[in-house]
Amino acid sequence: MQGYLNRLAVFDLLLGLALTVIVAWALLGTCFKLYQWASTPSPLPIPLTPAPRTRYGVVVRLLAEIVLFRALAKANRVTWLASVFFHYGLLFVLIMHVRFFFASIPSSLLPFIVWSGWAALAMLLGLCVLLIRRIVVDRYRYISTPSDYLHLLLLISIGLSGVALKRLWPVDTFGVGEFLRGALTLQWQALPDGVVLVVHLVLVLLLFFVFPISKLLHGVGIVFSPTLNERDTSARSSSKGKPSQ
Amino acid sequence: MKLSNDNTVVDTPQVVGRYRVIPLIQEGASAASQTAKATADIQESLGLPGTLVDDWHDKAIARLGQLLKARRGLRVFMDTCTKCGACTDKCHYFLGTHDPKNMPVARQDLLRSVYRRYFTWAGRLFPWLVGARNLDKSLLQDWYTYFHQCSECRRCTVFCPKGIDTSEVTMAGREVLASIGLGQQYSQEIIGKVHSIGNNLGMKPRALADVLQSLEEDILEDTGVAVRLPLDDEGADMLVVTPSADFFAEPHVDGLIGYAKVLHQAGIRWTFSSEASEAANFALFTGQHDHMRDIALRIRHAAMGLGVKRIVIGECGHAWRVAYSFLDTLVGPMEFLSPEHPRAEHICEVTHQLLTQGIIQLDPSRNADVVVTYHDSCNVARGAGMGDIDGGQFKIPRALLAASVPKLVDMSADTTGQATFCCGGGGGLLTDDLMDVRIKGALPRAQALQAVVSSDQVTHLVAICAICKTQLTSVLPHHNLSDVQVTSLHHLVGDALVLT
């Protein structure tokens, strides 16, 4: 108790407090957007046809877009490949981070820990291609705003600092776990020492902060896209029988 | 340089760029192409302000706010774009004009920048960071210009990884513009005519009856068979609603004759209606849902008045989208229709069914020396379906053509089917004041057509949309393709039909 009242200790806990607040903000903010989308009426059906006729078909269509980026593959192979490298690299690295939620590492996560360096490399490679094309191709440069570049730079910085933590300045992973678990269970702990670690964490917090108010929402927004999630209900009601009401 | 119909000088694009080569952007390249603003009397007849209102800024933002609350698609599309650029080289107007504001994402951004400024935290606090802009006079001008250089064909949606539909953004933009006094003359005048007279051309019932009678005489003279073109025939089983261009203009009217021959041969008792003598629904283009409903309501009302059991839509692209996808929502349910035909049907569906059931016969040798390629119309391809099979909107018209002509050739796969290129004149752009944009917008279609003309000596381009037919007829000569005859699908079906 004495320690908690110590001003220095409170300063130590600031990062943990910030993590709690920003995670809550990101979750609530995203939930608000989900609610806003879901509660807005969709007066006329505008599926992009040919469209699936069943709900199962809609799930397949959405999965093809979410998992395979099907439309992007049709549109531009370079962007598609870079996106696949980035998104799947990120997914792999995120799964690796699940280790910090456990006091002792589950064996199922071991491969992810071993290979996460390569995944981070793939992610960085993808991000660099995405950034370069945005600068080099006149069409992409024309449509880009400062935030579009900053999102990429932010993700690249997070990736680089993460790689640095793994390869150059290894940290007390157990301490990081205690810090994270503490912040998420409201029993805040100090972050282990390390400048790069602080940088990595602050950048991640910035990313979480902008998530619900930026284009990063596309990850959840795609599910609400009426062109993709609506069925072709007229197809069933053609000459072979009446539609179910 | 060449003079267009209205005597304005128009640059004839010599097929700019090579096939499938993406052009470099050229800012402001098509900024000067303007469509005439609706006159005060037209606007006021539709309950809209006659000229730009004094408090246009506040009114526009308020109307945009209402639309964001009323249309989920618009709201989601505003939020989810990542500026990935996948759509940037997919719009025929960009490929033809090189104007970067004709890239779908840039077109959306005209509205999105305002959305961000007035409706998001990031845009309110850091406009420079997220590309948020105040709605000023110059941006308003861009709205008017570039929301009228979009044919709402939804080709960009096919390639968008988030499924963003630029047509919904264009419609919202036009809706806001009309609500502050900046409607488009061409579309709003047509909507007015449909309301007051019953069709886009303002053709009165008496004139329509005369036209149909003279067409009956023509068919009798040509074939020796008394094929009827009935109007307001109470007790008919089937109401045919077709774009009014079918009643008088070439090549549309040949298609109309084709419908009549097919229905005659099948022994179906059918009729046109003078009340619903128009399938087109231009309120789809302007985004005005209330007018769209009222125009659709005429069809329901006419069908009930005549006591028909089936509604059939003629060769009209966007009318088919409205009939197929929206009719039930707008004016349904159509409980008075026969249980075997509970929704509006496309004339191609009807003909195809008659063909597969052996009720009609087609003889391709009657179209000797005809080599056909088929242009998928955007609203049919991406906004509707056809028949009971997946992709019926692609397969059924081709099946009818294959049975009607000796040779059917497809254009390159990235310009047909779901990825079809717009003719360049859809979405309320089929007006002389946009001729420059229309010619340039037809470029990708013309290039794909040129390829099959060279390789397979294609003689006819077939479409099932009145806008496509009118547009392609008038712009293909600008692309050195005047030898290709643009025609109706039912023209060739009618000629191949074994008529007794």
Side-chain angles (χ1 to χ4, degrees), chain A residues 33 36-38 40-51 53 65 69-72 74-76 79-80 83 130 133-134 137-140 142-148 150 210 213-218 221-222 224-229 232-235 237-243 245, chain B residues 24-25 69-73 75-77 79-90 100 103 105-106 109 120-122 128-131 154 157-165 168 289 324-326 328-329 339-343 345 349 353 381-385 387-388 390-391 393 418:
Chain A
K33 286 308 288 189
Q36 193 182 45
W37 291 331
T40 306
S42 190
L44 292 173
I46 55 168
L48 183 74
T49 62
R53 300 173 185 198
E65 293 301 341
F69 312 156
R70 190 172 59 179
L72 190 56
K74 279 187 282 186
N76 188 308
T79 309
W80 177 77
S83 298
L130 290 175
R133 64 184 262 292
R134 202 174 274 286
V137 179
D138 65 339
R139 304 193 309 281
Y140 306 151
Y142 182 86
I143 59 171
S144 298
T145 61
S147 64
D148 295 315
L150 290 174
V210 299
I213 54 169
S214 74
K215 68 175 185 179
L216 298 176
L217 276 173
H218 70 274
I222 184 173
F224 287 84
S225 197
T227 53
L228 298 176
N229 74 11
D232 179 354
T233 50
S234 304
S237 57
S238 62
S239 53
K240 286 222 172 113
K242 220 155 162 65
Q245 290 299 317
Chain B
L24 291 174
I25 62 172
K69 286 206 175 87
R71 299 182 192 175
R72 180 188 299 161
R75 169 76 80 171
V76 174
F77 301 151
D79 285 325
T80 52
C81 179
T82 57
K83 314 289 177 78
C84 74
C87 61
T88 52
D89 57 344
K90 303 299 184 280
M103 298 189 292
V105 48
D109 277 352
T120 70
W121 286 108
W128 52 273
L129 192 64
V130 296
R154 312 212 299 164
T157 312
V158 174
F159 298 96
C160 176
K162 291 100 202 166
I164 296 173
D165 182 347
E168 291 293 311
H289 285 190
Y324 182 88
S325 293
F326 303 156
D328 245 23
T329 313
E340 281 90 47
H341 306 281
R343 67 152 165 83
E345 299 159 271
E349 284 177 304
Q353 207 168 33
R382 293 184 280 263
D388 277 331
D390 277 325
Q393 68 266 49
Q418 197 192 32

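Here the structure is a predicted model, which means the values were calculated and not measured. As a basis for the values below, the full set of heavy atoms in this structure was taken, side chains included, without hydrogen atoms, waters or symmetry mates. In what follows, chains carry the letters A, B, and so on, assigned in the order in which the sequence lines appear, proteins first and then strands, with residues in each chain numbered from 1.
- Note that CH2 of A/W80 is 14.5 Å distant from SG of B/C84, once rounded to the nearest 0.5 Å.
- If you measure heavy-atom distances from A/L228 to chain B, the contacts under 4.5 Å come from the side chain alone.
- No hydrogens or angles considered: nothing links the side chains of B/R72 and A/T40 as a donor-acceptor pair under 3.5 Å.
- Legend: residues meeting ring pair (Phe, Tyr, Trp, His ring centres under 6.0 Å) with A/Y140, ordered by chain and number and at least two apart, are absent.
- Contact record, A/P45 with B/S325: CG-O, 3.1 Å, taken as the closest heavy-atom pair.
- Side-chain contact check for B/R343 versus A/S234: some heavy-atom pair is nearer than 4.5 Å.
- Between the CG atom of A/D232 and the OH atom of B/Y324 there is a distance of 3.5 Å, given to the nearest 0.5 Å.
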Chi angles and distances behind the side chain to side chain contact (heavy atoms under 4.5 Å, CB included) call for A/L150, B/L129: CA-CA 9 Å; A/L150 290 174; B/L129 192 64; 3.4 Å; yes
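- Only the backbone of B/K69 comes within contact range of chain A, with heavy atoms under 4.5 Å apart.
- With a 4.5 angstrom heavy-atom cutoff, B/A122 touches chain A only via side-chain atoms.
- In this structure, chain B has no heavy atom under 4.5 Å from any part of A/L216.
- A 4.5 Å side-chain heavy-atom check between A/T227 and B/R154 finds at least one atom pair inside the cut-off.
- If you tally non-hydrogen atom pairs under 4.5 Å between each of B/V105, B/T88, B/L24, B/T157 and chain A, the highest count goes to B/T88.
- At a threshold of 4.5 Å between non-hydrogen side-chain atoms, the residues B/D390 and A/P50 do not count as touching.
- Only the side chain of B/T329 comes within contact range of chain A, judged by heavy atoms closer than 4.5 Å.
- Contacts of A/D148 with chain B are made by side-chain atoms alone, with heavy-atom separations under 4.5 Å and no backbone atom involved.
- Shortest non-hydrogen contact noted between A/T49 and B/R382 is OG1-C, 2.8 Å.
- When B/G385, B/G163, B/C81 are compared by the number of non-hydrogen pairs under 4.5 Å with chain A, B/G163 comes out ahead.
- Side-chain contact between A/L48 and B/D165: absent, with no pair of heavy atoms (C-beta onward) separated by less than 4.5 Å.
- In this structure, the side chains of A/Y142 and B/P100 come closer than 4.5 Å at one or more pairs of heavy atoms.
- Contact annotation: the side chain of A/E65 never approaches that of B/K162 to less than 4.5 Å [non-hydrogen atoms, C-beta and beyond].
- Contacts of A/R133 with chain B are made by side-chain atoms alone, with heavy-atom separations under 4.5 Å and no backbone atom involved.
- Here the NZ atom belonging to A/K215 is positioned 7.5 Å from the NZ atom belonging to B/K83, to the nearest 0.5 angstrom.
- Residue A/S144: no heavy atom, backbone or side chain, is found under 4.5 Å from chain B.
- Between chain B and the residues A/D138, A/L217, A/L72, A/I213, the largest count of heavy-atom pairs under 4.5 Å involves A/D138.
- Here the NE2 atom belonging to A/H218 is positioned 5.5 Å from the OG1 atom belonging to B/T82, to the nearest 0.5 angstrom.
- Scanning for ring pair (Phe, Tyr, Trp, His ring centres under 6.0 Å) contacts around A/W37 gives A/F224, with sequence neighbours left out.
- When the candidates B/G391, B/C160, B/A86, B/A70 are compared by the number of heavy-atom contacts under 4.5 Å with chain A, B/A70 comes out ahead.
- Listed options A/P226, A/G221, A/P41, A/A38 were ranked by heavy-atom pairs under 4.5 angstrom with chain B; first place goes to A/P41.
- Contact of the A/K33 side chain with the B/D79 side chain is registered, since non-hydrogen atoms from C-beta on lie closer than 4.5 Å.
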Evaluate A/N76 against B/F159 for side chain to side chain contact (heavy atoms under 4.5 Å, CB included), listing each step before the verdict. CA-CA 9 Å; A/N76 188 308; B/F159 298 96; over 6 Å; no
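- Under the 4.5 Å side-chain criterion, counting only non-hydrogen atoms from C-beta, A/I46 is in contact with B/F326.
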